[in-house]
Each structure stands twice: as C-alpha cells, then as structure tokens.
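Predicted model, so just to flag it, every value in this text is computed and none were measured.
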Amino acid sequence: MSVCLRPESITVHGADFDNGPVLFISDLHLCSAQPALTALFRHFCLREGRAARAVFILGDLFDYWVHREQAAEAPYAEILALLHDLQKQGTTVYLMVGNRDFALDAAFLVQFGIIALPDPALLQLGDRRILLTHGDLLCSDDHRYQRFRRVIRHPLTRLTLGRLPYAWLQRIARGLRRGSSREVRAKAPAITDANPQTIVAALHGEGAFALDGAPYDILIHGHTHRPVWERGPAGRRMVLGAWNADGAQIGRWENGQWSLQLLSPP
C-alpha cells in the first residue's frame, strides 16, 4: 500500500489490500453516555476489524472531540487502544474527521498508528476510483449548517478554541450538540440529506471534490444516516449507516465485490 500526498489531497492505492476485505464505517458517535455503542465497536474490532486488510472510518468516530485530554478518559482510551491494536496486528486504519470530531488531528492520531485522511480523499482499488467523504459537504441545501461549518473550521476559530481550558471546551461542545439536535429535528428531511445535484458534481470531481483521478466510479460517505447502495446517473453511491444499539450498516469490499452489511451487536 502506498500513499501519495499533495497539499490538501491524498490518494490511497490499495494494491497491498489484495482481495480484502476492506471495511468502511462512519457515524459511530462513541461516548461515555452510550456504553452499548462502545461494546459494539469492541465487538467489531475483535472480529470484523481483525479479519480486514484495512478499515476506513469516514467521520464521527466520537460523538464529540475537543481536546487531547479526552484520550485519558473512558471510553476514549479503550477505543483508541482498540484501533492501535488493529494496526499492530496488521489492519491498516484510516480516519477522516466528521462534523462532531473535527478537532482530531493527524499528529495526535499517528501515535495510535492511525492514518489521517483529508475530506475528501481518493481510494484506488484496482481500476476503480472511489471518492471518500464524510458527507456533510453534500448537504448543500442546509445553508445555515454550511456557514457554521466554514466558521467553526476556520484556522482562527480553531486557534482560539484550542487555547481554552478543557472543561470550557466540554461545555461548549455539549451546548453545540444540544442546539444541533434541536435544529435537525426542526428541519425538513430533504434539507439534511445529500443534494442530488451535489452528488453528481462530487462524482464528476467538481468544486470541493476536485482531486486527481476525477471523475470517480463510486462515492462513499456517511453523515446523513440514510444507508443505501445505489446506482445513479453519474456513478454508484454507498451511504454508511449510523451506529445504534441494534447494530450498524457498514460497507465492505472483498474479491472485487461491494456490499452494505449489517453489523449485529454481540
């Protein structure tokens, strides 16, 4: 496996993945308030994860992440240790941040053997070009969220927040989560879903999705919590499911075949 880096771009060449399996997960939202999700993730790492050649986490591994001090707390310490164990036993682990854990940074992740991916990123499996993204950029009809995304991820905002005490950051994160939940409930479902025209633009490699290798054959993302494996006018799209106590829909590539599979709880 080789990784080719350019500023704000990455292509993962999966030649060393052989015939897989390669797994894709997102929207786990792991936190201390949801021990069932941590148990499901532990089950995944010890079974599916260990059998995989690579695992791609496409955002929102954690319900929120604000500071490195979280790594010493439960369940975050166990979660990071499980990912480190996967890497040490031979499964390559990639992580793309989402809208809830965007404060995770590459320099922090590398100590656990995790390879950070920018959003978007390109995966080359055989002759297939796969566009990987968390999915929030596809929700272009949600103008209020897109403005918030630009502000909260601006380098000056990140610098200011990074200087605040951990306890303050926790309170801010909890407040933002409560506000976000109220807003999502109040919005029409179409507003919080991926825009069909933006999906086509992404597969064509336009705008924020312009990487070497466009156009793409397959788009894989999470964020919308509406799992599907479909063929559209511009290519195929796999939407990963959010994790809950009943399980999760995760993506799988093995022997050239793609599928969404149900990860059942232990």
If you look at every heavy atom in [X] and [Y], which pair is closest and at what distance?
X    : Y    : result
A77  : A72  : CB-C, 4.3 Å
D105 : R68  : OD1-NH2, 3.1 Å
S32  : A74  : CB-O, 3.9 Å
N195 : S140 : CB-OG, 3.2 Å
A210 : Y216 : C-OH, 4.0 Å

Listed partners of [X] passing ring-ring contact (aromatic ring centres under 6.0 Å, His included), at least two apart:
X    : result
F102 : none
F56  : F24, Y94
F148 : none

[X]: side chain to side chain donor-acceptor pair (under 3.5 Å) partners, not counting sequence neighbours:
X    : value
Q111 : none
Q197 : none
T38  : none
D142 : K187

Between the main-chain N or O of [Y] and the side-chain N or O of [X], is there a donor-acceptor pair closer than 3.5 Å?
X    : Y    : answer
Q70  : V66  : yes
N255 : Q257 : no
Q146 : C139 : yes
Y76  : E69  : no
S26  : G59  : no
D101 : W65  : no

For the [atom1] atom of [X] and the [atom2] atom of [Y], what is their distance to the nearest 0.5 Å?
X    : Y    : atom1 : atom2 : result
L104 : D60  : CG    : CG    : 10.0 Å
F44  : L28  : CZ    : CG    : 8.0 Å
L37  : F62  : CG    : CZ    : 12.5 Å
D217 : Q124 : CG    : CD    : 8.0 Å
L203 : R129 : CG    : CZ    : 10.5 Å
F108 : H67  : CZ    : NE2   : 10.5 Å

Applying a strict under-4.5 Å side-chain criterion to I, L, V, M, F, W and Y, I'd like to know whether [X] and [Y] cluster together.
X    : Y    : value
I218 : M96  : yes
L138 : V228 : no
L23  : L219 : no
V200 : L132 : no
I57  : L137 : no

Legend entry - More than 12 heavy atoms from other groups under 6.0 Å of CD on E73: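 Yes.
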Legend entry - R252, CZ: over 12 other non-hydrogen atoms inside 6.0 angstrom: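 Check passes, neighbour count above 12.
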Inset, instruction - Test side-chain contact (heavy atoms from CB on, under 4.5 Å) on I130 and L122 and set out the steps. - result: CA-CA 6 Å; I130 300 102; L122 179 65; 5.7 Å; no
Listed partners of [X] passing salt bridge (Lys or Arg N to Asp or Glu O under 4.0 Å), at least two apart:
X    : value
R158 : none
R226 : D193
D63  : R100, R177
D136 : R149, R153

Inset, instruction - Determine, step by step, whether I25 and L61 satisfy the side-chain contact (heavy atoms from CB on, under 4.5 Å) criterion, reporting the C-alpha distance in whole Å, the side-chain angles of both residues, the deciding distance to 0.1 Å, and the verdict. - result: CA-CA 9 Å; I25 60 177; L61 171 65; 5.8 Å; no
Legend entry - Full working for side-chain contact (heavy atoms from CB on, under 4.5 Å) between V55 and V22: CA-CA 6 Å; V55 173; V22 177; over 6 Å; no
Kindly list each side-chain donor-acceptor pair under 3.5 angstrom involving residues 230-251, sequence neighbours excluded, with atom names and distances?
| residue | atom | partner | partner atom | Å |
| --- | --- | --- | --- | --- |
| E230 | OE2 | R237 | NE | 2.9 |
| E230 | OE2 | R237 | NH2 | 2.8 |
| R237 | NH1 | H221 | NE2 | 3.0 |
| N244 | OD1 | D246 | N | 2.8 |
| N244 | OD1 | G247 | N | 3.3 |

Inset, instruction - Check whether the side chains of Q89 and T91 place a donor and an acceptor atom closer than 3.5 Å, and report yes or no. - result: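 Side-chain D/A pair, Q89 to T91: present.
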Inset, instruction - Check the side chains of D27 and H223 for a donor-acceptor pair under 3.5 angstrom, ignoring hydrogens and angles. - result: no
Inset, instruction - Check the pair I191, Y145 against side-chain contact (heavy atoms from CB on, under 4.5 Å), reporting the backbone distance first and the verdict last. - result: CA-CA 10 Å; I191 297 295; Y145 168 75; over 6 Å; no
